[in-house]
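All residue numbers refer to positions in the sequence shown, counting from 1.
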Amino acid sequence: MAEADLQELNEQFGVPNKDLEPDVVSELRSIMRMHSLSVQDLYFKWESYCIKLDIDGNRPTVESLRALKQDIQDALERSNRTHQVHIKTEKRSSGTPRNAVKNTSDVYGMLEGMAPNTPATGKFKNASKRRNPHESPSITRVKGNILSSSPDYKSQSPLKIENQLDSMNIVSATSFNDRPNPGEVIEILNEHLKPPAPAIVPYAESRVKLNAASDLKKLGYKTLAMKSSEASEILDDRIDEFSGLVRDHYKIDESEFGSAASQSTTEIVAVGRIASDSSEGKLNAASLVLETSRRTGGGLRIPLNLKRLGSCYQFFPGQIAAFRGINSSGKEFVVQEVLEIPLLPNAASSPAAIEAHRERLRGGPDAMESDDEPAPLNVIIGSGPYSADDNLDFESLHALCSQAADTCADSLILTGPFIDVDHPLIATGDLDLPEEAGDLDSATMSTVFKYMISPALNRLVASNPTITILLVPSVRDVVDRHVSWPQDLILRKDLGLPKAARIVGNPMTLFINEMLLGISSQDILWDLRHEELVGARTAEPNFSSRAPKYLIEQRHYFPIFPPVDRQKLPKAGTEDGLPTGAMLDLSYLKLGEMMDVRPDVMIVPSALPPFAKVVESVLVINPGYLSKRRGAGTYARMTLFPPKVTEEELNKGGVVDHKVFERARVEITRI
């Protein structure tokens with residue numbers, strides 16, 4: 001700001017013989033930059049605002065100026081809602097659908113100077129044909145609420161971009177290089193475990209041995225072929241299965257079980273599915289019903305009376321629950337006691353197997369004879385999306401791969417979406433490809449993956465040849481032909497992946513050495529957070545501990561039913577803002593169940609704040625999203641110290657619990 005402008009600010013907003021405070025001047029300058037206002041125009045808006053609210057305009061404060069800024073922003077939003085920009089789709093000669101401008105009229109001059117002479121053409125654009133540095137993004141992007149993927153676009157002022165795109169569904173994102181506090185550790189689990197310095201050079205051999213615990217072949221089912229009869233049988237079988245678990249665990253006689261929907265003066269044990277008596281609205285104590293299976297209760301639903309529980313309860317739709325109570329009126333089941341569902345046993349291995357894994361951690365046959373303690377396993381965990389809404393540069397993925405290379409990570413676990421169907425540039429097909437992609441007319445999303453994602457992974461493997469990379473797909477991945485959850489693995493053909501990269505299903509349970517790892521890229525935590533019913537005196541007030549226990553108790557990676565309405569999910573960057581939902585295939589919901597034992601580590605990425613918790617001896621990690629719509633996100637680093645077998649355990653024989661939660665240090669870090 002020139003000295004003359006500062007003087008003008010003092011003349012317009014100051015009082016005689018007294019200059020404005022520096023923080024007031026800073027706030028005035030901020031409003032002028034954001035809305036491209038002169039000092040005189042800003043003063044007129046200030047006067048109008050003071051008259052409207054009947055306040056003293058002679059003494060502007062930081063608080064009153066921030067309120068003015070919000071008022072200007074709100075007025076701009078109302079104007080944009082009134083003057084929506086319409087887009088039509090035209091069919092070009094290439095046969096590829098493309099958004100075109102229906103009405104090129106400006107919106108109060110907001111788009112002035114942003115439209116090039118001619119709109120972009122073609123499905124993908126070669127890097128050699130990108131706009132020159134002084135050219136603005138195509139009108140298709142601006143009118144379609146989409147930002148450019150070209151780095152040239154980032155040279156514009158972030159404040160100007162935010163002002164121009166405010167009230168549109170897409171949000172402006174900060175530059176990745178300008179992200180705040182990169183590398184900051186925001187949470188540490190087991191801080192008392194001090195990790196050694198990272199290895200200087202990669203190990204001679206891979207220290208990771210993978211063994212699949214899930215049957216990948218079963219995930220290759222035919223999608224979009226679900227039958228209502230099959231789905232209802234799966235839902236019924238789950239209730240009946242849990243009835244057997246409760247009976248065996250509590251040693252209850254079969255005669256004590258009954259239907260909650262049947263009128264009786266005898267106390268019974270009833271097992272069923274929690275549901276709501278209304279298809280709309282959030283679950284509440286008045287709308288709570290128990291759905292019986294066809295075998296035990298003819299599939300009837302009966303309202304639950306929770307008064308005897310006080311306010312100590314926690315439920316969610318789809319939860320299989322067991323109650324002891326009575327239905328003397330025939331109109332409601334009065335719950336007297338909630339029977340907890342028995343948990344799966346902990347994962348364990350034989351002492352000989354654990355010793356073999358300790359030797360593997362030494363890094364090769366020559367090092368096995370050393371008496372030194374093996375170095376801990378270094379595992380990095382990241383979850384998509386991997387780009388902010390304004391680009392497809394995958395900067396956060398490149399940064400994470402650099403971290404894995406610099407620290408000689410043993411394993412990198414990446415969950416989808418990799419190429420997000422909800423990304424605004426993917427939704428419109430308006431993206432740039434490098435020159436080496438070749439013929440752009442035949443380009444597919446596999447081509448995009450090959451030339452925009454795989455290079456980062458190939459460079460990582462070139463730097464750290466012994467690393468093991470795990471890729472877990474998401475139902476939001478455009479590159480995957482399997483659109484339902486549980487989800488088959490992505491076909492690696494034409495993706496250009498290195499041999500060290502392994503693609504698995506979603507969800508997936510597998511062994512990394514002795515550690516049993518469960519992964520699901522479906523955001524179940526968000527659904528549970530917004531659909532659960534919790535009493536005021538619940539035993540676990542912390543949601544980040546409650547939600548993982550739901551999964552462990554229900555023995556399933558997506559136990560909620562029905563899934564949350566898409567309207568309630570976080571808004572996507574597409575034009576309508578409607579995100580991809582859960583895409584459940586109920587006929588194969590059993591494939592989402594856990595194995596016969598609890599996993600040692602469970603990875604459940606979510607849009608909710610990241611965390612690392614120990615719940616029922618399970619280490620639960622939500623690494624957060626590596627890239628948010630506005631900018632950079634977080635990832636998790638797990639340092640797993642070697643297992644030990646005591647003399648007592650060795651002499652006792654049998655199996656030894658892994659106790660990963662005691663020897664794993666987890667850091668949630670900003671990328």
Next item on the list: Would you name the heavy atoms of Trp485 and Ala582 that are closest together and state the gap between them?
Entry: CB-O, 3.7 Å

Next item on the list: Using a 4.5 Å cut-off on heavy atoms from C-beta on, say whether the side chain of Leu414 contacts that of Val472.
Entry: no

Notebook entry, point to check: Should the pair Trp46 and Phe13 be assigned to parallel (<30°), tilted (30 to 60°) or perpendicular (>60°) ring geometry?
Noted result: tilted

Checklist line | Close side-chain approach of Ile426 and Val478, heavy atoms under 4.5 Å | finding: yes

Note to self: Show the nearest heavy-atom pair for residues Leu525 and Val604, with the distance to one decimal.
What the structure shows: CD1-O, 3.7 Å

Next item on the list: Determine the minimum heavy-atom distance between Asp420 and Pro385, stating which atoms define it.
Entry: OD2-CG, 3.7 Å

Notebook entry, point to check: For the atom pair CG (Leu68) and CD (Glu63), what is the distance rounded to the nearest 0.5 Å?
Noted result: 13.0 Å

Check: Is there a donor-acceptor pair under 3.5 Å between the side chain of Lys282 and the backbone N or O of Glu532?
Finding: yes

Notebook entry, point to check: Does Arg546 pair with Glu540 as a salt bridge, N-O distance under 4.0 Å?
Noted result: no

Check: Going by atom types alone, do Thr574 and Asp422 pair a side-chain donor with an acceptor below 3.5 Å?
Finding: no

Item checked: Under 3.5 Å donor-acceptor, His423 side chain and Ala388 backbone -> yes

Item checked: Residues forming a side chain to side chain donor-acceptor pair (under 3.5 Å) with Glu667, sequence neighbours excluded -> Arg665

Check: Can you list the steps and then say if Ile524 with Leu528 is a side-chain contact (heavy atoms from CB on, under 4.5 Å)?
Finding: CA-CA 6 Å; Ile524 180 59; Leu528 288 171; 3.9 Å; yes

Checklist line | Polar contact flag, side-chain donor to acceptor under 3.5 angstrom, Ser544-Asn542 | finding: yes

Item checked: Arg637 vs Val666 side-chain heavy atoms within contact, under 4.5 Å -> no

Margin query: For the CD1 atom of Ile31 and the CG atom of Leu65, what is their distance to the nearest 0.5 Å?
Written below: 5.0 Å

Check: Going by atom types alone, do Ser26 and Asp23 pair a side-chain donor with an acceptor below 3.5 Å?
Finding: no

Checklist line | Pairing residues for Glu27 by the salt bridge (Lys or Arg N to Asp or Glu O under 4.0 Å) criterion, not counting sequence neighbours | finding: Arg66, Lys69

Check: Does Arg566 reach the main-chain N or O of Pro579 with its side chain, forming a donor-acceptor pair under 3.5 Å?
Finding: yes

Margin query: Atom CZ of residue position Arg670 - does it have more than 12 heavy atoms of other residues, nucleotides or ligands inside 6.0 Å?
Written below: yes

Next item on the list: For the pair Ser387 (side chain) and Phe394 (backbone), establish whether a donor and an acceptor sit closer than 3.5 Å, ignoring hydrogens and angles.
Entry: yes

Item checked: Heavy-atom pair with the smallest gap, counting every atom of Ala285 and Leu533 -> N-CD2, 3.7 Å

Next item on the list: Would you confirm whether Gln319, through its side chain, and Phe316, through its main-chain N or O, come within 3.5 Å as a donor-acceptor pair?
Entry: yes

Next item on the list: Over all heavy atoms of both residues, which pair between Ile668 and Ala636 is shortest? Give the atoms and the distance, please.
Entry: CD1-CB, 3.9 Å

Next item on the list: Report yes if some heavy atom in the side chain of Val618 is under 4.5 Å from a heavy atom in the side chain of Phe661; otherwise report no.
Entry: no

Margin query: side-chain contact (heavy atoms from CB on, under 4.5 Å) for Val614 and Leu189? Distances and angles first, verdict last.
Written below: CA-CA 9 Å; Val614 177; Leu189 177 70; 4.0 Å; yes

Note to self: With a sphere of 6.0 Å drawn around NZ of Lys307, does it hold more than 12 non-hydrogen atoms of other residues, nucleotides or ligands?
What the structure shows: no

Next item on the list: Enter the distance from Ile380:CD1 to Cys401:SG here, rounded to the nearest 0.5 Å.
Entry: 9.0 Å

Margin query: Are Val39 and Met32 packed together at the side-chain level, in the sense that at least one heavy-atom pair is separated by less than 4.5 angstrom?
Written below: yes

Check: Is it the case that Asp523 and Ser606 place a side-chain donor and acceptor less than 3.5 Å from each other?
Finding: yes

Item checked: Nearest-0.5 Å distance that lies between atom CD1 in Ile603 and atom CD1 in Ile381 -> 4.0 Å

Notebook entry, point to check: When rounded to the nearest 0.5 angstrom, what is the spacing between CG in Leu42 and NE2 in His35?
Noted result: 9.5 Å

Notebook entry, point to check: So do the side chains of Tyr386 and His398 get within less than 4.5 Å of each other, counting heavy atoms only?
Noted result: no

Next item on the list: Work out which heavy atom in Asn391 is nearest to a heavy atom in Asp393; give both atom names and the distance.
Entry: OD1-N, 2.9 Å

Note to self: Can a donor-acceptor pair be found, under 3.5 Å and without considering hydrogens, that links the side chain of Asn10 to the backbone of Leu6?
What the structure shows: yes

Checklist line | Note, Leu551 side chain near Pro559 side chain (heavy atom, < 4.5 Å) | finding: yes

Check: Checking Asn622 side chain against Pro609 main chain: does a donor-acceptor pair fall under 3.5 Å?
Finding: yes

Note to self: Would you compute the distance between atom OH of Tyr451 and atom CG of Asp432 and round it to the nearest 0.5 angstrom?
What the structure shows: 16.0 Å

Notebook entry, point to check: Just by distance, with hydrogens left out, do Ser287 and Ser278 show a side-chain donor and acceptor under 3.5 Å apart?
Noted result: no

Notebook entry, point to check: Do Val475 and Gln522 have side-chain heavy atoms sitting under 4.5 Å apart?
Noted result: yes

Notebook entry, point to check: Are Ser38 and Asp41 close enough, and set up right, to give a side-chain hydrogen bond (donor to acceptor under 3.5 Å, both in side chains), and what steps lead you there?
Noted result: CA-CA 5 Å; Ser38 65; Asp41 290 338; 3.1 Å; yes

